[in-house]
Amino acid sequence: LSVLDQNAKVIRDYLPEQEMILEHHSNVVQPEQVDEREEWEMMVEAWRAPVIITTLVQLLNTMFLGRSGNIRRFHALCNAVLVIDEIQTVPNNLLSICNLTMNFLSEICGTTIVLCSATQPCLIDADHPLLYTPAKMVPRDEVLWQVFRRISLRVMEPCCLEELPERA
């Protein structure tokens, strides 16, 4: 949630009309005024805002939980741009359901999905792989990667355990 809060702050800094943004996650403090709280609850129920900031849990609830409140949100995902940050944090046992979700949203609902990650998970090897190989939006620049080259690997001849300290 700390990454979500950081992203929300950056989005709020760039969008002048704060009413365009709806945050729906466990860190959100509901408004104290009854009128404002009722309006916020109605917006959350149907995800009525141009920009929704939420968690993967809320997204999967909307897709699969089957409660009427979750189903009412579903329309907001159609023809939308969905940015999933830190996709590598999805546990391996949930990759298939995430892939099914992304396949359905992109193929049937016309949703554009952007997966953000420094280390992409192996989405293609899941039981239900993505229908398309994700395209890289940021090309690899070898000059930028030079900073991370701190080690070099060499293949050495096999040796017995007693010889290993000397070789190291």
Side-chain angles (χ1 to χ4, degrees), residues 1-140:
L1 288 174
S2 65
V3 171
L4 190 67
D5 289 335
Q6 291 169 16
N7 288 341
K9 182 188 179 315
V10 170
I11 292 168
R12 287 188 183 285
D13 289 345
Y14 281 95
L15 289 177
E17 294 112 11
Q18 297 300 301
E19 64 275 359
M20 292 179 60
I21 303 167
L22 172 66
E23 288 190 64
H24 181 206
H25 53 86
S26 60
N27 277 7
V28 174
V29 177
Q30 294 183 9
E32 290 183 24
Q33 299 286 340
V34 175
D35 293 346
E36 290 177 17
R37 186 171 51 245
E38 287 175 357
E39 176 66 23
W40 181 82
E41 287 172 354
M42 288 188 338
M43 288 178 68
V44 165
E45 187 173 292
W47 278 356
R48 284 191 298 156
V51 177
I52 310 294
I53 301 169
T54 192
T55 60
L56 188 59
V57 170
Q58 289 295 342
L59 174 66
L60 293 177
N61 284 347
T62 297
M63 295 294 295
F64 296 105
L65 200 56
R67 294 183 182 154
S68 59
N70 298 107
I71 294 168
R72 278 192 283 276
R73 291 185 201 119
F74 191 83
H75 77 283
L77 298 171
C78 298
N79 298 310
V81 176
L82 181 63
V83 179
I84 302 176
D85 197 8
E86 304 294 343
I87 189 70
Q88 80 279 359
T89 62
V90 174
N92 287 337
N93 63 334
L94 293 179
L95 282 179
S96 283
I97 198 165
C98 283
N99 285 346
L100 288 169
T101 300
M102 290 186 279
N103 288 339
F104 179 80
L105 288 171
S106 65
E107 287 297 301
I108 306 301
C109 300
T111 305
T112 300
I113 302 171
V114 179
L115 304 176
C116 300
S117 176
T119 54
Q120 289 288 345
C122 199
L123 299 168
I124 294 171
D125 290 342
D127 290 340
H128 298 281
L130 289 177
L131 295 176
Y132 297 103
T133 303
K136 294 188 187 298
M137 295 175 69
V138 179
R140 182 179 174 95

Exercise. Go through the steps for I21 and I53 under the test side-chain contact (heavy atoms from CB on, under 4.5 Å), then give the verdict.
Key: CA-CA 7 Å; I21 303 167; I53 301 169; 3.6 Å; yes
Quiz item: What is the distance from atom CG of L100 to atom NE2 of H128, rounded to the nearest 0.5 Å?
Solution: 5.0 Å
Self-check item: Considering all heavy atoms, the nearest L130-N103 contact
Solution: CA-OD1, 3.4 Å
Quiz prompt | Interatomic spacing from OG in S117 to CD in E86 - rounded to 0.5 Å | solution = 6.5 Å
Exercise. Can you spot which of V114, L59, T112 makes a side chain to side chain contact (heavy atoms under 4.5 Å, CB included) with L82?
Key: L59
Quiz prompt | Euclidean distance, T55 OG1 relative to D85 CG, rounded to 0.5 Å | solution = 12.5 Å
Quiz item: Just how far is it from atom OG1 of T54 to atom CG of N61, taken to the nearest 0.5 Å?
Solution: 9.0 Å
Exercise. Could you tell me the separation between the OG1 atom of T101 and the CE atom of M63, rounded to the nearest 0.5 Å?
Key: 4.5 Å
Quiz prompt | Note: D5-K9 ion pair, threshold 4.0 Å (strictly below) | solution = no
Quiz prompt | Check: N99 side chain, L131 main-chain N or O, donor-acceptor pair, under 3.5 Å | solution = no
Self-check item: Any donor-acceptor N/O pair, T111 side chain to L77 backbone, under 3.5 Å
Solution: yes
Quiz prompt | Rounded distance (nearest 0.5 Å) linking atom CE of M102 with atom CD1 of I84 | solution = 5.0 Å
Quiz item: After noting the C-alpha distance and the side-chain angles of C98 and L56, does the key distance pass the side-chain contact (heavy atoms from CB on, under 4.5 Å) rule?
Solution: CA-CA 9 Å; C98 283; L56 188 59; 4.0 Å; yes
Exercise. May I ask you to check whether over 12 heavy atoms, not counting those of F64, lie within 6.0 Å of atom CZ?
Key: yes
Quiz item: Heavy-atom count around N93 CG within 6.0 Å, excluding the residue itself: above 12?
Solution: yes
